[in-house]
Undergrad: 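I'd like to ask some things about the structure below.
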Amino acid sequence: MRVVLALLGVLAMTGCGSAPPPPAPAPADVISQQRERINDLDRQIVDLLAQRKEASEAVQRARTSSGGGRVDPAREQVIIDKYRAKLGDGGERIARAMLEAFRGPAS
């Protein structure tokens, strides 16, 4: 009995007698799944950007109604730095594009 248990232990450690790994998914399946994921993420990003735009507009209204400027360069630099730190140079470009798009027209 001990011999059988020892043999089973050796087989388990060497992978003998175990099922073969499942086949890798087909590239078309991976592409389809990841595109679905991207579409979902894009929907979330657009929704968050719409919320951010509303908040940015509210800040601008409050700032300009109290005599302040339309743009706060120091605050914008903080935002740019955060995006660059997380996403690299592409993050900086995204932050600059977002800030420009949501800045509103110069009055």
Side-chain angles (χ1 to χ4, degrees):
M1 183 68 168
R2 287 185 186 172
V3 173
V4 172
L5 292 175
L7 182 56
L8 289 174
V10 169
L11 290 173
M13 289 189 317
T14 61
C16 294
S18 62
D29 292 339
V30 172
I31 291 168
S32 176
Q33 290 170 355
Q34 293 306 309
R35 283 185 176 161
E36 193 174 311
R37 180 175 179 220
I38 288 169
N39 290 341
D40 183 52
L41 291 168
D42 283 343
R43 279 188 293 278
Q44 292 176 53
I45 290 167
V46 170
D47 288 345
L48 289 170
L49 286 171
Q51 292 176 46
R52 193 196 190 289
K53 181 177 187 285
E54 291 173 10
S56 179
E57 289 170 347
V59 167
Q60 282 183 29
R61 282 190 304 272
R63 193 172 47 236
T64 57
S65 71
S66 66
R70 184 173 67 90
V71 176
D72 181 349
R75 170 70 178 151
E76 287 193 357
Q77 191 59 54
V78 168
I79 293 166
I80 291 165
D81 292 345
K82 285 180 184 180
Y83 276 66
R84 185 187 318 111
K86 185 74 173 182
L87 303 169
D89 290 340
E92 179 176 345
R93 290 192 301 272
I94 290 167
R96 288 185 185 281
M98 177 187 63
L99 290 166
E100 183 178 334
F102 297 163
R103 198 174 281 142
S107 301

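Sequence positions, counted from 1, serve as the residue numbers for this chain. Worth knowing before you read on, the calculation uses all heavy atoms, side chains too, and leaves out hydrogens, waters and symmetry mates.
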Undergrad: Is there a donor-acceptor pair under 3.5 Å between the side chain of Ser66 and the backbone N or O of Ala62?
TA: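 Checked: pair present.
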Undergrad: In Å and rounded to the nearest 0.5 Å, what is the OG to CZ distance from Ser32 to Arg37?
TA: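 CZ of Arg37 is found 14.0 Å from OG of Ser32.
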Undergrad: List the steps and the verdict of side-chain contact (heavy atoms from CB on, under 4.5 Å) for Met98 and Ile79.
TA: CA-CA 10 Å; Met98 177 187 63; Ile79 293 166; 4.3 Å; yes
Undergrad: To check you understand the geometry: which heavy-atom pair defines the closest contact between Val30 and Pro25, and what is its length?
TA: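 The pair with the smallest heavy-atom distance is CG2-CG, 3.9 Å.
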Undergrad: Determine the minimum heavy-atom distance between Ser56 and Phe102, stating which atoms define it.
TA: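 The pair with the smallest heavy-atom distance is OG-O, 3.7 Å.
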Undergrad: Between atom CD of Glu76 and atom CD of Glu100, what is the distance when rounded to the nearest 0.5 Å?
TA: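 If I round to the nearest 0.5 Å, the distance is 9.5 Å.
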Undergrad: Got a list of side-chain donor-acceptor pairs under 3.5 Å for residues 38-54, not counting sequence neighbours?
TA:
unit_1 : atom_1 : unit_2 : atom_2 : d
Asn39  : ND2    : Arg35  : O      : 3.4
Asp40  : OD2    : Gln44  : NE2    : 3.0
Lys53  : NZ     : Glu57  : OE2    : 2.6

Undergrad: When you check the side-chain N and O atoms of Asp81 and Gln77, is any donor under 3.5 Å from an acceptor?
TA: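 Checked: Asp81/Gln77 side chains pair up, N/O donor to acceptor below 3.5 Å.
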Undergrad: Write down the atom of Arg70, the atom of Arg103, and the distance for their closest heavy-atom approach.
TA: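 Smallest heavy-atom distance, with atoms named: NH1-CG, 3.0 Å.
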